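What follows is a single structure, written as structure tokens, with notes after it.
First the proteins, then the strands, lettered A, B, ... as listed; each starts at 1. Quantities reported herein were computed from a predicted structural model and do not represent experimental measurements. Atom set for the values below is all heavy atoms of this structure, side chains included, hydrogens, waters and symmetry mates excluded.
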Amino acid sequence: MKKAATITYTPLSKSFYEVSPVRLARKLIGTVIVRIIDNNILAARIVEAEAYGGSDDPASHAYRGKTDRNKMMFNSGGYSYVYFTYGMHYCFNVVAGTGRTAGAVLIRAAEPLEGINIMKKNRNRDTLRDLLSGPAKLCQAFAIERSLNGIPLDRPPLFISKSPNTSPPKIKTTPRIGIKEGIDKKWRFVDAGSEFLSVI
DNA sequence: CTCTGGATTAGCT
DNA sequence: GCTAATCCAGAGC
């Protein structure tokens, strides 16, 4: 029998997410993403996130309006937006705002806390630092794919919990990664000095 | 309908 | 540093 989790995770309520994507991205650094799968718990502390807006943000999927793929970005906050890219990868976003404008936060990297052996198996990798250090890696480790698009994030099988840490993370902002437009905006938020970032 | 390229990663050079 | 892997949304015709 596997040892029980030593920490109890409580999902953040919807109101936590009803702020702008930029504000939400900052708030999410240090919180814990929790995945329940096959009676097992996976948990990781978010150390890197990027904000994406709506018609004001050319780097956003929602820039050109609502489509079948990006419609979750126009929802009110607290839901997942999972999309497929590069023919082989999924990325996980947290929808932000009240629903009046589009917006979401891409979760780019996290620090493994619990269920590390399952993450290693899902990733087919043994190195701790290589488990969650990128948006597609994180999805693979957490078994996040298309069927989890649009689900609420305040209950299993996937939710986000307040940081277990007492000391708040030291947050640094940088331009977003892997985009061509909107590089002037410093909408990437990282836990400065974390060993588990996608890009240092 | 067809075509292009992407909020990426891994593996090789 | 370079690029294959591999699907589908979005744009153009």
key: His61(A) side chain, from C-beta outward: closest of dA10(B), dG6(B), dA7(B)   =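 For the His61(A) side chain, the nearest candidate turns out to be dA7(B).
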inquiry  = Quick check for you: among dT8(B), dA7(B), dA10(B), whose closest atom lies nearest to any side-chain atom of Arg125(A)?
reply    =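 When the side chain of Arg125(A) is considered, dA10(B) is the closest of dT8(B), dA7(B), dA10(B).
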inquiry  = Is the terminal nitrogen or CZ of Lys27(A) (NZ for Lys, CZ for Arg) located under 6.0 angstrom from the six-membered ring centre of Phe16(A) and within 45° of that ring's axis?
reply    =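 Lys27(A) over Phe16(A) ring: yes.
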message = Can you confirm if the NZ or CZ of Arg176(A) lies within 45° of the ring axis of Tyr52(A) and under 6.0 Å from the centre of its six-membered ring?
response =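 Geometry flag: set, cation within 6.0 Å and 45°.
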Hey, does [X] reach any base, or is it just sugar-phosphate, or nothing, if we go heavy atoms under 4.0 Å?
X         : result
Ala136(A) : sugar-phosphate
Arg188(A) : nothing
Thr67(A)  : sugar-phosphate

query = Which is it for Glu48(A) and Ser198(A) under the side chain to side chain donor-acceptor pair (under 3.5 Å) test, yes or no, and what are the steps along the way?
reply = CA-CA 8 Å; Glu48(A) 176 175 346; Ser198(A) 66; 2.7 Å; yes
key: Identity of whatever pairs with dA7(B) - Watson-Crick or G-U, under 3.5 angstrom   =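 WC or wobble partner does not exist here.
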key: Partner nucleotide of dT6(C) by Watson-Crick or wobble geometry (both distances under 3.5 Å)   =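 The base-pairing partner of dT6(C), which may sit in any strand shown, does not exist here.
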inquiry  = Quick check: on DNA chain C, is the nucleotide nearest Arg146(A) upstream (toward 5') of the one nearest Met88(A), or the reverse? Name the residue that is more 5'.
reply    =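 Whichever sits nearer the 5' end wins; that is Met88(A).
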query = What are the bounds, 5' to 3', of the part of DNA chain C that sits under 4.0 Å from heavy atoms of chain A?
reply =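 Listed 5' to 3', the contact boundaries are dA5(C) to dA11(C).
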task = Could you tell me the separation between the CG atom of Leu197(A) and the C1' atom of dT9(B), rounded to a whole number of Å?
result =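 The distance from CG of Leu197(A) to C1' of dT9(B) comes to 17 Å, rounded to the nearest Å.
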request  = Write down the distance between OH (Tyr86(A)) and C1' (dA10(B)), rounded to a whole number of angstrom.
outcome  =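 After rounding, the gap between these two atoms is 14 Å.
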key: Salt bridge flag under 4.0 Å for residues Arg45(A) and Asp191(A)   =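 Counted as a salt bridge, because a side-chain N and a carboxylate O are separated by less than 4.0 Å.
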query = Step by step, would you call Arg108(A) with Glu50(A) a salt bridge (Lys or Arg N to Asp or Glu O under 4.0 Å)?
reply = CA-CA 7 Å; Arg108(A) 287 190 53 90; Glu50(A) 287 178 358; 3.6 Å; yes
ask   = OP1 or OP2 of dA10(B) sitting under 4.0 Å from any side-chain N/O of Arg123(A)?
value =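 Checking Arg123(A) against dA10(B): at least one side-chain N or O falls below 4.0 Å of OP1 or OP2.
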ask   = Would Tyr83(A) pass as stacked on dA7(B), i.e. its ring centre under 5.5 Å from the base's six-membered ring centre and planes under 30° apart?
value =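 Taking the rule of under 5.5 Å and under 30°, the ring of Tyr83(A) does not stack on dA7(B).
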DNA chain B: 5'-proximal contact among Met73(A) and Asp130(A) (nearest heavy atom) =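 Closer to the 5' end of DNA chain B: Met73(A).
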request  = Nearest-nucleotide wise, let me know which of Lys137(A) and Ala104(A) is further upstream toward the 5' end of DNA chain B.
outcome  =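 The residue closer to the strand's 5' end, by nearest nucleotide, is Ala104(A).
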query = Rounding to the closest angstrom, what is the interatomic distance between dT4(B) and dA4(C) at atom P?
reply =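 Their P atoms lie roughly 16 Å apart.
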request  = Within residues 171-184 of chain A, find the residues that approach DNA chain C with a heavy atom at under 4.0 Å, and present them sorted by residue number.
outcome  =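 Correct list: empty, so none.
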request  = Compare all side-chain heavy atoms of Lys14(A) with those of Pro152(A) and state whether any distance is below 4.5 angstrom.
outcome  =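 A side-chain contact under 4.5 Å exists here.
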ask   = Taking Arg125(A) for the side chain and Lys120(A) for the main chain, is one N or O donor matched with an acceptor at less than 3.5 Å?
value =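 Not confirmed, Arg125(A) side chain does not pair with Lys120(A) backbone.
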key: Aromatic ring proximity, centroids under 6.0 angstrom, Tyr81(A) and Tyr79(A)   =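 No: the rings miss the under 6.0 Å criterion.
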request  = Measure the spacing between CG of Leu28(A) and CD1 of Ile33(A) and express it to the nearest 0.5 Å.
outcome  =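 Those atoms lie 9.5 Å apart.
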